[in-house]
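A short worksheet on the structure shown next.
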Amino acid sequence: MSERAQVYDPRLYIEIGRRIREARRRANVSQEQLAKEVKLKRTSVTNIEKGKQRCVPHKLYEIADYLDISPQTLFPSPAELLVPAEKMLDRVDASARPFTESIFKKAKVSS
Amino acid sequence: MKVRRNYIRQVATDLLTEHGLMSLPIDVSGLIKRLGITVKSEVGAESFSGISFHDPKSGKKVIGVNSLHSITRQRFTLAHELGHFRLHSFNDVHVSAYRKRDPLAHMGIDPEEIEANCFAAELLMPVSLVLHEVKELGGMDVFDSDASIKQLAKKFKVSSQAMSIRLSDLGLLAIE
């Protein structure tokens with residue numbers, strides 16, 4: 001897979017899924033409820049939220065509609081999909097950070 | 001997510017065959033290098049085995065391994081991290097840490113960690129080679145399975161613990 005392809009797939013789906021989950025939780029809606037409303041299986045909703053299932057655009061619009069958000073907010077900009085090394089570091093558990101940091105340094109990936 | 005055991009076995013076997021590495025002990029470092037992944041080692045806390053990440057900016061793929069661990073454990077870590085590269089999406093850094101309370105559960109909660117462990121076992125101890133070596137030994141010593149495990153572990157360059165888990169998973173070891 002080319003580097004470009006890897007940025008969009010799977011990252012794009014993971015990010016869309018994350019945004020759906022966030023919006024759903026904010027709206028206090030369960031996966032079951034959402035699934036029923038947009039005619040998907042509950043497991044599909046789970047997988048979409050994990051980025052493991054690719055949701056077709058019209059379903060994304062239906063989901064956005066039900067969760068009362070603009071569909072645009074579900075789509076990240078290409079820049080948002082690039083996770084630079086420094087940002088990755090923020091996601092690492094604090095106890096693992098020194099180890100990770102020095103590996104980053106040795107591999108010359110941090111800025 | 002269900003652990004894709006059959007799929008993982010296939011991925012590991014194909015990788016070894018493709019690179020002509022189906023011989024003991026499995027040259028996991030060589031394989032990783034050939035795949036364009038950089039390995040760095042560093043002193044880390046006992047509970048950290050390693051990390052893997054893919055920097056989208058530079059395109060660099062890196063595996064970090066805890067240099068304080070035994071060689072056999074480092075080999076398992078390398079194989080485990082390689083598993084993340086072959087099986088999982090890289091939106092994040094994977095940090096592999098043994099959970100302090102039950103190292104035997106080998107990080108048994110997160111499905112991706114279980115899959116990476118499964119991959120490591122398939123890569124370092126391929127079924128065909130395990131069966132062959134057990135046959136060479138004249139079967140497992142029923143009265144002293146520990147001795148057989150030790151001999152096999154040496155051949156595969158893995159820990160006795162990893163070897164015994166593998167043998168038991170393959171049904172070659174009576175469960176105590």
Side-chain angles (χ1 to χ4, degrees), chain A residues 1-19 21 31 42-54 76-111, chain B residues 1-4 7 32-33 35-69 74 77-78 81 84-100 107 109-113 115:
Chain A
M1 214 192 304
S2 74
E3 296 298 339
R4 181 180 291 128
Q6 249 182 12
V7 169
Y8 296 120
D9 180 13
R11 284 204 188 107
L12 174 61
Y13 294 99
I14 291 170
E15 186 54 28
I16 289 175
R18 199 187 60 76
R19 290 176 183 216
R21 171 167 297 189
Q31 287 187 336
R42 211 258 320 154
T43 48
S44 289
V45 172
T46 309
N47 287 330
I48 288 167
E49 288 188 355
K50 283 183 180 162
K52 290 189 173 158
Q53 186 173 324
R54 299 156 186 203
S77 72
E80 283 175 285
L81 291 174
L82 284 169
V83 188
E86 316 87 77
K87 261 210 175 141
M88 284 200 257
L89 204 52
D90 295 340
R91 303 182 183 193
V92 173
D93 189 73
S95 60
R97 215 165 286 164
F99 178 73
T100 310
E101 230 162 2
S102 73
I103 293 288
F104 272 28
K105 220 182 208 170
K106 282 194 171 175
K108 299 193 178 73
V109 285
S110 358
S111 53
Chain B
M1 182 173 105
K2 223 182 140 208
V3 173
R4 304 162 291 174
Y7 168 71
I32 288 172
K33 222 176 266 170
L35 295 170
I37 301 168
T38 310
V39 174
K40 297 285 171 195
S41 60
E42 181 57 67
V43 170
E46 168 60 25
S47 56
F48 295 119
S49 306
I51 56 163
S52 47
F53 59 90
H54 180 189
D55 181 16
K57 244 188 193 167
S58 62
K60 262 189 186 159
K61 291 174 184 168
V62 181
I63 290 176
V65 63
N66 189 344
S67 57
L68 290 182
H69 288 170
Q74 288 189 38
T77 302
L78 288 177
E81 300 302 337
H84 284 309
F85 275 110
R86 304 306 284 193
L87 305 168
H88 307 130
S89 61
F90 260 75
N91 196 41
D92 251 322
V93 192
H94 287 273
V95 178
S96 304
Y98 277 76
R99 285 162 65 237
K100 267 189 192 140
M107 311 168 266
I109 283 180
D110 184 346
E112 289 199 351
E113 295 305 322
E115 286 203 339

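In this text, all values refer to a predicted model and were calculated from it rather than measured experimentally. Each chain gets a letter, A, B and so on, in the order the sequences are listed, and its residues count up from 1.
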> Would a distance-only check, ignoring hydrogens and angles, find a side-chain to backbone donor-acceptor pair under 3.5 Å from A/Lys106 to B/Glu42?
Replying inline: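 Judged by distance alone, no pair lies under 3.5 Å.
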> What heavy-atom pair brings A/Ile103 and B/Gly64 nearest, and what distance separates the two atoms?
Replying inline: CD1-CA, 3.6 Å
> What is the minimum heavy-atom distance between A/Phe99 and B/Asn66, and which atoms define it?
Replying inline: CZ-N, 3.8 Å
> Got a sec, which residues hit side chain to side chain donor-acceptor pair (under 3.5 Å) with B/Gln74, two or more places apart in sequence or on another chain?
Replying inline: none
> Among B/Thr38, B/Ile63, B/Val39, B/Val65, which has the most heavy-atom pairs under 4.5 Å with chain A?
Replying inline: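 Highest number of heavy-atom pairs under 4.5 Å: B/Val65.
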> How are the rings of A/Phe104 and B/Phe53 set to each other: parallel, tilted or perpendicular (split at 30° and 60°)?
Replying inline: tilted
